[in-house]
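FYI, side chains are in, hydrogens and waters are out, and symmetry mates aren't considered; it's all heavy atoms of this structure.
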Amino acid sequence: MARDVHVIDHPLAQHKLTLMRDRETSTNSFRRLMSELSMLLAYEVTRDMPMHEKRIETPLEPMQARLIDGKKTVFVSVLRAGAGILDGMLEVMPSARVGHIGLYRDPKTHVAIEYYCKLPHEIDSRDVIVVDPMMATGNSAVAAVDRIKESSPRSIKFVCIITCPEGLARFHDAHPDVAVYTVAVDRALDAQGYIVPGLGDAGDRVFGTK
Ligand code: URA
């Protein structure tokens, strides 16, 4: 089993995930649920952010108040399904920087092939949160983090909605230093590389392409 895995067991998160899994859930509802779920994930993944104190004045008196420390966080969305999580995360942290990595999965080998990469500048002094709803084989997650590590960020965390034991094992073999935040660790991977029971193809369900 993998090393640093945070399963978000909060009832609101589990409830929303169940609605997303249901094949009868419409594209509109699926997209809204993914955005809401991502806001809950954002709270968890940023829980240990460093803070500093600043003296401010409320309308009643001065006080020492806390603010998030350091340069802005970077969200890196793995195209295309990562866009569904990114929206919710940006609701909670609207001034975060955003990068994109485009990867597609070779249908036969399931190897992740990069077709696009655009990351913000000065990533070496920033904390990166990679978002991709399904960590299935783990190949895309490993490829995305390989690429991001070339820019030497201060830290990297990985956020998904569902993963499985095979994906976690592969990911943490390659990147034991990167914590994974997820709402569920499902039973397994099927022969086509889908997570079961899962929720189907996350990209198709977010964008209504099937
Ligand atoms: N990608 C998906 O969208 N769903 C899966 O089950 C696996 C990979």
Participant: Tell me the closest heavy-atom pair linking Ser140 and Leu103, and the distance in Å.
Facilitator: O-CD1, 3.4 Å
Participant: If you look at every heavy atom in Cys164 and Ile195, which pair is closest and at what distance?
Facilitator: SG-CG1, 4.2 Å
Participant: Using only atom types and a distance under 3.5 Å, with no angle test, would you say the side chain of Ser38 pairs donor to acceptor with the backbone of Met34?
Facilitator: yes
Participant: Check each of Asp48, Thr46, Asp4, Thr73 against Lys157 using the side chain to side chain donor-acceptor pair (under 3.5 Å) test, and report the only one that passes.
Facilitator: Asp48
Participant: CG of Leu37 to NZ of Lys16: how many Å apart, nearest 0.5 Å?
Facilitator: 7.5 Å
Participant: Check this for me: Leu12, atom CG, are more than 12 non-hydrogen atoms of other residues, nucleotides or ligands nearer than 6.0 Å?
Facilitator: yes
Participant: Where do Tyr115 and Leu79 land on the side chain to side chain contact (heavy atoms under 4.5 Å, CB included) test, with the steps shown first?
Facilitator: CA-CA 10 Å; Tyr115 63 88; Leu79 298 174; 3.6 Å; yes
Participant: Is there a side-chain contact between Lys149 and Val178 in this structure, where contact means two heavy atoms from C-beta onward sitting under 4.5 Å apart?
Facilitator: yes
Participant: Measure the SG-CG distance between Cys160 and Leu168 for me, rounded to the nearest 0.5 Å.
Facilitator: 7.0 Å
Participant: Using 30° and 60° as the class limits, which term best fits the ring planes of Tyr181 and His6: parallel, tilted or perpendicular?
Facilitator: parallel
Participant: Quick one: CD on Glu122 to CZ on Arg154, what's the gap to the nearest 0.5 Å?
Facilitator: 12.5 Å
Participant: Looking only at atom types and distance, does a side-chain atom of Arg126 sit under 3.5 Å from a main-chain N or O of Lys72, one as donor and one as acceptor?
Facilitator: yes
Participant: Using modelled atom types and a 3.5 Å cut-off, is there a donor and acceptor pairing between side-chain atoms of Ser26 and backbone atoms of Ser29?
Facilitator: yes
Participant: Roughly how far, to the nearest 0.5 Å, is CG of Leu19 from CD of Glu24?
Facilitator: 12.5 Å
Participant: With a 3.5 Å cut-off and no angle check, do the side chains of Asp146 and His175 form a donor-acceptor pair?
Facilitator: yes
Participant: Ignoring hydrogens, what is the shortest heavy-atom contact between Glu114 and Cys117? Give both atom names and the distance.
Facilitator: OE2-CB, 3.3 Å
Participant: Quick check on the hydrophobic clustering: are Leu86 and Phe30 connected, directly or via other members, by side-chain heavy-atom contacts under 4.5 Å?
Facilitator: yes
Participant: State whether the side chain of His10 and the backbone N or O of Val183 hold a donor-acceptor pair below 3.5 Å, judged by distance alone.
Facilitator: no
Participant: Taking all heavy atoms of Asp69 and all of His52, pick out the closest pair and write down the distance.
Facilitator: OD1-ND1, 3.0 Å
Participant: Any carboxylate oxygen within less than 4.0 angstrom of a Lys/Arg side-chain nitrogen, looking at Asp204 and Arg80?
Facilitator: yes
Participant: Let me confirm one number: the CZ-CE distance from Arg66 to Met49, rounded to the nearest 0.5 Å.
Facilitator: 12.5 Å
Participant: Ignoring hydrogens and geometry, is there a side-chain-to-backbone donor-acceptor pair from Glu166 to Ala136 under 3.5 Å?
Facilitator: no
Participant: For side chain to side chain contact (heavy atoms under 4.5 Å, CB included), just list the numbers for His172 and Val5, CA-CA rounded to whole Å, side-chain angles, deciding distance to a tenth of an Å, and then say yes or no.
Facilitator: CA-CA 10 Å; His172 272 140; Val5 182; 3.9 Å; yes
Participant: Would you confirm whether Gln14, through its side chain, and Ile8, through its main-chain N or O, come within 3.5 Å as a donor-acceptor pair?
Facilitator: yes
Participant: What pair of heavy atoms forms the shortest contact from Ser151 to Ile123, and how long is it?
Facilitator: CB-CG2, 3.0 Å
Participant: Do Leu90 and Leu33 share a hydrophobic cluster, counting only Ile, Leu, Val, Met, Phe, Trp and Tyr and linking them when any side-chain heavy atoms are less than 4.5 Å apart?
Facilitator: yes
Participant: Show your reasoning for whether side chain to side chain contact (heavy atoms under 4.5 Å, CB included) applies to Thr27 and Phe207.
Facilitator: CA-CA 7 Å; Thr27 301; Phe207 297 111; over 6 Å; no
Participant: Between Ile101 and Val98, is there shared hydrophobic-cluster membership here, with clusters defined by ILVMFWY side-chain heavy atoms closer than 4.5 Å?
Facilitator: no
Participant: Evaluate the salt bridge (Lys or Arg N to Asp or Glu O under 4.0 Å) criterion for residues Arg97 and Asp127: first the C-alpha distance (whole Å), next the side-chain angles of each, then the deciding distance (0.1 Å), finally the verdict.
Facilitator: CA-CA 10 Å; Arg97 301 292 187 257; Asp127 298 306; over 6 Å; no
Participant: Measure the shortest side-chain to side-chain distance between Thr58 and Met63 over non-hydrogen atoms and say whether it is less than 4.5 angstrom.
Facilitator: yes
Participant: If you compare all heavy atoms of Phe171 against all heavy atoms of Val142, which two are closest, and at what distance to 0.1 Å?
Facilitator: CA-CG2, 3.8 Å
Participant: Treating Ile, Leu, Val, Met, Phe, Trp and Tyr as nodes and any side-chain heavy-atom pair under 4.5 angstrom as an edge, say whether Ile68 and Met93 lie in one connected cluster.
Facilitator: yes
Participant: Can you check whether Leu199's main-chain N or O pairs, donor with acceptor, with Arg205's side chain at less than 3.5 Å?
Facilitator: yes
Participant: Please report the interatomic distance CD1(Ile148) to CZ(Phe158), rounded to the nearest 0.5 Å.
Facilitator: 8.5 Å
Participant: Does one hydrophobic cluster hold both Val159 and Val7, with members joined at side-chain heavy-atom distances below 4.5 Å?
Facilitator: no
Participant: Treating Thr163 as the side-chain partner and Met135 as the backbone partner, does any N or O pair qualify as donor plus acceptor under 3.5 Å?
Facilitator: yes
Participant: Just so I know, are the side chains of Met39 and Ser35 near enough to count as touching, which here means a heavy-atom distance under 4.5 Å?
Facilitator: yes
Participant: Quick check: does any side chain N or O of Thr25 sit under 3.5 Å from a backbone N or O of Arg21, one acting as donor and the other as acceptor?
Facilitator: no
Participant: Under 3.5 Å, is there a donor-acceptor pair between the side chain of Thr182 and the main chain of Ile161?
Facilitator: yes
